[in-house]
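If you read the sequence from its start, that first residue is 1, and numbering goes on from there. Counting starts at 1 for both ligands and their atoms, in listed order.
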Amino acid sequence: MPAELSPIDKAKFAAARRAVEYVEDGMRLGLGTGSTAAWMVRLLGEMVREEGLRITGVPTSTRTADLAREVGITVIGLDEAKWLDLTIDGADEFDPQLNLIKGGGGALLQEKIVATASDQMIVIADAAKEVAQLGAFPLPVEVIPFGWQTSRALIEETLVSLDVLGRETTLRMNGERPFVTDEGNYIVDLHLNRIGNARQLALVLNQIPGVVENGLFIDICDVVIVGQGDGRVEIRDINQGTVQHDRIDFLETENLFTDLGD
Ligand SMILES: O=C[C@H](O)[C@H](O)[C@H](O)COP(=O)(O)O
């Protein structure tokens with residue numbers, strides 16, 4: 001971790017810093033995956049160690065589980081927790097209705113299960129993630145390895161039938177081999193440019209044999225906390241329809257993010 005964070009990391013940190021203020025003693029929390037969510041996990045670890053905050057966390061990936069344990073958070077599985085008070089996670093894109101594209105890091109399946117098993121989902125994001133319409137970010141679709149090429153062909157046929165503009169699909173790779181998710185599946189990324197009817201696409205994709213889940217999160221997110229590099233934070237709340245403005249003082253938290261960085 002460089003002594004000085006980049007503006008984008010400061011933005012992610014600011015959003016995470018504001019989000020952990022929603023966490024109360026005794027909560028069961030869904031812990032998201034990705035670089036933004038990692039700040040939230042580190043901050044919660046700090047609160048557990050320094051302030052005696054009592055929480056249990058349900059991680060959405062092995063990466064997050066490892067980090068949560070490392071920083072001192074008690075980790076349990078979703079079946080043990082059964083239901084969660086709050087999930088805090090990142091996103092690759094969010095639109096004005098707080099619908100999301102997620103899965104840029106390949107964790108969309110566990111993330112969607114955990115988020116939908118929560119009373120509330122808060123997304124933390126830097127301002128670059130905001131879009132008028134979803135789709136510039138490639139939409140991840142998780143498919144089982146058996147017959148994945150057939151599933152991919154069916155996905156492409158579906159895109160044609162829905163008259164979606166961009167129809168290129170790519171198998172996500174990890175070097176020479178297909179990227180494999182925590183659940184042992186592959187990811188096909190859909191390069192759509194613009195998604196006209198995200199709700200319809202989300203439903204139709206999940207009807208295709210071999211498709212396990214897609215990265216569209218429709219009507220799942222309740223609040224998006226948007227961070228800026230200068231510490232400004234905006235809160236978009238779907239229920240209250242409010243936008244609050246706030247500012248994280250980096251000077252106050254300087255030690256924190258220097259200590260917490262990896
Ligand atoms: O699979 C990964 C997750 O959906 C992430 O939350 C998403 O990709 C955002 O990640 P980051 O905070 O690193 O931009």
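Of the candidates Thr33, Asp92, Leu108, Asp92 brings a heavy atom nearest to atom 8 (O) of ligand 1.
Ligand 1 lies out of reach of Gly32, whose nearest heavy atom is not under 4.0 Å from it.
Hydrophobic clustering, with ILVMFWY side chains joined whenever heavy atoms are under 4.5 angstrom apart, keeps Ile76 apart from Leu31. Residues Ile187 and Leu154 do not share a hydrophobic cluster, defined by chaining ILVMFWY side chains whose heavy atoms lie under 4.5 Å apart.
Of all protein heavy atoms, the one closest to atom 14 (O) of ligand 1 is Lys129 NZ, 2.8 Å. Protein heavy atom in closest approach to atom 13 (O) of ligand 1: Ser35 OG, 2.5 Å. Glu111 OE2, 3.0 Å is the protein heavy atom nearest to atom 3 (C) of ligand 1.
Atoms of ligand 1 found under 4.0 Å from any heavy atom of Thr36 (numbered from 1 in listed order, with element): 11 (P), 12 (O). Listed by atom number, the atoms of ligand 1 under 4.0 Å from Ala91 heavy atoms are 6 (O), 9 (C). For ligand 1, the atoms sitting less than 4.0 Å from at least one non-hydrogen atom of Gly104 are 1 (O), 2 (C), 8 (O), numbered in the order shown with element in parentheses. Close approach of ligand 1 to Gly90 is summarised as follows: ligand atoms under 4.0 Å from at least one heavy atom of the residue are 6 (O). Within ligand 1, counting atoms from 1 as listed, the ones closer than 4.0 Å to a heavy atom of Asp89 are 6 (O).
Here Ser61 has no heavy atoms under 4.0 Å from ligand 1, in either its backbone or its side chain.
Among the atoms of Ala107, some N or O lies under 3.5 angstrom from an N or O of ligand 1. At least one N/O-N/O distance between Gly105 and ligand 1 falls below 3.5 Å.
Residue Asp79 places its CG atom among 12 or fewer non-hydrogen atoms of other residues, nucleotides or ligands, all under 6.0 Å distant. Taking a 6.0 Å sphere around CZ of Arg54, one finds it holds 12 or fewer heavy atoms contributed by other residues, nucleotides or ligands.
For the side chain to side chain contact (heavy atoms under 4.5 Å, CB included) with Leu84, the lone residue among Leu29, Thr116, Leu78, Thr56 that qualifies is Leu78.
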Apply side-chain hydrogen bond (donor to acceptor under 3.5 Å, both in side chains) to Thr64 and Ser61, showing your working. CA-CA 5 Å; Thr64 297; Ser61 63; 3.1 Å; yes
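For the pair Ile220/Lys112, a side-chain contact is recorded, criterion being any heavy-atom separation below 4.5 Å from C-beta on. Inter-residue side-chain proximity for Val164 and Ile195 is flagged as unmet; no heavy-atom pair is nearer than 4.5 Å.
To the nearest 0.5 Å, atoms OG1 (Thr60) and CG (Leu109) are separated by 10.5 Å.
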